[in-house]
Amino acid sequence: MLTINAAKLKEMLIAGGKAIESEHEYINELNVFPVPDGDTGTNMMITINGAIETINNIDYTDIHLLGKHFSRGLLMNARGNSGVIFSQIIKGFTSVLKEGNNEIGIVDFINAFTAAKNTAYAAVATPVEGTILTVIRITAEKLLQKHHFKTIEEVMKTACDEAQKILLQTPEMLHELKEAGVVDSGGYGLCRFFDGMLVGMNKNTTLNSPKIIPLTKIKAKKSFIDALEDTNVGFGYCCEFIMTLKARVTLKQSDKKDFNMKSFKKQLAKIGDSMAVVMDGDIVKLHIHTIHPYQVLKIGAQYGEFNKVKIENMTLQFLERNPGTTLEKLQDQVKTHRQLPSDPKIIATVPSATIAKIYSSEFNMPYTINTEITGNPSVQEFIDKIREAHTANIIIVLDDSNTILAAKEAAALVANEINVQIINAGNIATSYLTCLTFDPIQDMKSNIANINSTIENMVVGKVSTSSKPIDYSHIQVKKNHFIGIVDKKIVVSDYNMVTVLNHLSDLLVNNIRRPKHAWIIYGNNAQMRDIKLLKKYLMEAHALKVTTINGNQPTYSFYIAIQR
């Protein structure tokens with residue numbers, strides 16, 4: 001078929017829900033991330049069954065209205081992180097359904113998967129790959145890569161196949177899954193939903209047995225203590241609420257604040273994690289894990305009033321599912337588990353995957369945050385990387401001053417457990433030489449002293465291209481001219497790259513006593529001819545030892561560091 005109408009799509013959605021319901025216990029057994037509380041399948045089942053009740057007794061002739069009702073039903077009944085994310089996948093999927101139409105064609109059906117991916121990722125504060133998010137993302141990308149679909153059945157069958165393929169790869173993306181010997185539970189549930197949709201589309205469809213791993217082969221699940229350490233929630237609570245913005249309990253109440261999603265997430269990120277926040281009109285749905293549930297409600301109450309509130313003690317959930325384990329035993333394990341080793345480690349922000357690879361392979365520094373794709377890291381990204389490093393002493397080296405506030409906030413949030421020192425290198429050349437100086441055998445104090453000495457004995461310039469003409473008192477810059485920058489000040493501008501590189505090199509060399517070594521980190525726009533000429537100039541004109549490094553960074557064609 002070339003199109004499907006509202007009646008057929010309704011059948012598909014209901015069939016997808018039944019597929020999840022039939023396997024919800026198995027999905028529960030797979031659940032190990034972020035906390036092994038064993039309720040992912042139940043949450044997904046309750047979420048989708050609530051939505052099915054919303055549409056069950058209505059005969060739809062408007063496919064947009066069907067999608068709107070089903071999506072809203074999911075949101076209002078969403079339970080757990082998995083339920084909220086699933087609701088957003090379907091919200092995105094149904095967002096392409098055109099108002100007043102009763103059909104969807106092949107192109108829009110493919111685009112629905114992309115919209116599903118975009119909406120789901122937007123809802124999660126810190127997306128984690130190897131989860132349900134990865135399954136929908138890769139599925140959407142694979143569908144866009146293929147251009148030979150003749151029927152909607154082919155699109156749906158391909159979606160099922162691609163989702164299953166990426167699901168099998170999730171243990172390689174997430175340590176917790178690999179350790180437990182399971183695939184991601186939410187991703188498995190999404191695959192079964194897609195399979196159900198395919199059956200609802202074509203009743204003659206035959207599917208392979210969906211169970212990927214026999215339950216008898218599942219390894220002992222990750223301990224609750226490890227999960228507590230990873231999620232940084234302690235003995236916490238799973239909190240959820242649905243809130244109507246601007247609503248008031250009594251007329252005498254003062255007006256509620258205007259809702260700002262960015263500010264709302266920032267407030268909540270300080271007191272919890274595993275956060276998913278979605279907004280539909282004047283309704284806000286939140287899921288978060290925290291040890292301060294009263295603070296979650298206090299933050300929410302600034303903006304409106306609660307339609308529903310659910311707070312569950314995750315420690316008690318775990319104890320109920322693990323007879324013989326007591327709270328006292330867990331507390332003793334937590335105390336032991338949190339005794340971190342003292343050897344210092346470095347976390348570094350980097351502008352490219354190429355430099356991240358250099359840090360990992362050559363410096364043995366695997367804890368990097370690549371800002372090339374995602375931009376400046378969030379507070380939560382820094383905290384996640386701090387936890388991953390698993391030590392009581394951490395040096396964060398920043399290659400961009402714009403990241404310092406988030407790094408400081410993260411350091412403050414873990415200060416009671418971990419000593420975090422921040423080095424604002426300001427550019428990748430300084431960061432590179434800083435990390436080159438680091439010695440894991442020495443203590444924190446000695447490393448900081450050595451790093452500061454390295455920074456004091458070097459100067460750095462960088463080269464980019466001007467995007468617009470600017471007249472400064474000391475220099476005139478024309479659009480598309482190459483510009484040399486030192487300490488955020490443009491010191492040279494010219495249409496010829498070699499002229500800029502040589503002039504910048506002269507300025508740098510003249511600003512440091514007894515220069516000995518030049519470091520060139522060139523980006524993805526640098527020309528090999530210019531690299532060779534610069535190296536030759538530094539060697540012949542200034543008698544320096546020169547090291548060139550392919551950083552493959554996007555913005556600056558060259559970083560030049562002169563070291564004495």
Side-chain angles (χ1 to χ4, degrees), residues 4 9 12-13 16 20 33 40 44 47-48 51 64 67-68 70-72 74-75 78 80-98 104-147 149 152 154-170 172-174 177 183-198 261 265 274-280 285 287 372-375 378 381:
I4 55 173
L9 181 59
M12 293 166 62
L13 296 173
I20 288 180
F33 184 84
T40 296
M44 293 184 79
T47 299
I48 199 166
H64 169 79
K68 182 179 179 180
F70 190 73
S71 172
R72 182 71 171 217
L74 285 172
L75 177 63
N81 204 38
S82 55
V84 174
I85 296 173
F86 180 76
S87 76
Q88 294 310 286
I89 288 173
I90 303 305
K91 178 183 179 181
F93 187 94
T94 59
S95 68
V96 306
L97 302 175
K98 294 181 174 63
I104 181 173
I106 292 175
V107 173
D108 283 340
F109 197 72
I110 293 170
N111 291 337
F113 286 87
T114 299
K117 177 257 296 185
N118 292 338
T119 305
Y121 269 82
V124 181
T126 309
V128 176
E129 296 302 331
T131 64
I132 187 174
L133 291 170
T134 306
V135 175
I136 187 58
R137 177 175 64 81
I138 299 296
T139 301
E141 290 171 356
K142 292 294 184 181
L143 288 178
L144 284 178
Q145 290 171 12
K146 300 177 185 292
H147 305 286
F149 296 112
I152 282 195
E154 287 184 27
V155 178
M156 195 68 237
K157 180 66 167 64
T158 302
C160 291
D161 293 342
E162 295 297 342
Q164 189 84 350
K165 287 177 187 176
I166 193 60
L167 176 68
L168 291 172
Q169 297 175 38
T170 55
E172 300 304 318
M173 302 176 191
L174 204 54
L177 301 176
V183 294
D184 178 66
S185 56
Y188 183 89
L190 182 62
C191 287
R192 301 292 70 81
F193 181 75
F194 286 164
D195 287 343
M197 286 183 70
L198 184 59
M261 181 66 83
K265 287 182 177 180
S274 293
M275 175 169 53
V277 187
V278 295
M279 185 175 178
D280 187 355
K285 171 82 177 187
H287 171 278
E372 181 178 13
I373 298 174
T374 58
S378 65
E381 285 178 273

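All heavy atoms count here, side chains included; hydrogens, waters and symmetry mates do not.
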Residues that Glu141 engages under salt bridge (charged side-chain N to carboxylate O under 4.0 Å, His left out), provided they are two or more places apart: Arg137
Intermediate values then yes/no, side chain to side chain contact (heavy atoms under 4.5 Å, CB included), Leu133 and Val128: CA-CA 7 Å; Leu133 291 170; Val128 176; 5.9 Å; no
Quick one: closest heavy-atom pair of [X] and [Y], and the distance?
X	Y	result
Gly130	Asp184	O-CB, 3.4 Å
Cys160	Phe194	SG-O, 3.4 Å
Gly186	Ile132	O-CD1, 3.5 Å
Gly187	Val135	CA-CG2, 3.9 Å
Met173	Thr134	SD-CG2, 3.7 Å
Val96	Ala115	CG1-CB, 3.9 Å

Within this structure, what is the [atom1]-[atom2] distance for the pair [X] and [Y], rounded to the nearest 0.5 Å?
X	Y	atom1	atom2	result
Leu74	Met44	CG	CE	10.0 Å
Ile152	Leu198	CD1	CG	12.0 Å
Asn118	Phe113	CG	CZ	13.5 Å
Ile85	Thr47	CD1	OG1	11.0 Å
Asp161	Asp195	CG	CG	8.5 Å
Ile110	Lys146	CD1	NZ	11.0 Å

Heavy-atom side-chain contact between Leu75 and Val278 under 4.5 Å: yes
Chi angles and distances behind the ring-ring contact (aromatic ring centres under 6.0 Å, His included) call for Phe86, Phe193: CA-CA 10 Å; Phe86 180 76; Phe193 181 75; 5.1 Å; yes
Note: Lys165-Glu162 ion pair, threshold 4.0 Å (strictly below): yes
Exam field: side chain [X] to backbone [Y], donor-acceptor pair closer than 3.5 Å:
X	Y	answer
Thr119	Ala116	no
His64	Leu97	yes
Ser71	Lys68	no
Ser95	Gly92	yes

Pairs flagged by salt bridge (Lys or Arg N to Asp or Glu O under 4.0 Å) wherever residues 109-119 is involved - sequence neighbours left out: none
Intermediate values then yes/no, side chain to side chain contact (heavy atoms under 4.5 Å, CB included), Ile166 and Lys142: CA-CA 10 Å; Ile166 193 60; Lys142 292 294 184 181; over 6 Å; no
Side chain to side chain contact (heavy atoms under 4.5 Å, CB included) involving Met261 - partner list, sequence neighbours excluded: Phe259, Lys265, Val277, Met279
Verdict with supporting geometry, Ile90 and Ile48, side chain to side chain contact (heavy atoms under 4.5 Å, CB included): CA-CA 10 Å; Ile90 303 305; Ile48 199 166; over 6 Å; no
Derivation of the side chain to side chain contact (heavy atoms under 4.5 Å, CB included) call for Tyr188 and Thr40: CA-CA 10 Å; Tyr188 183 89; Thr40 296; over 6 Å; no
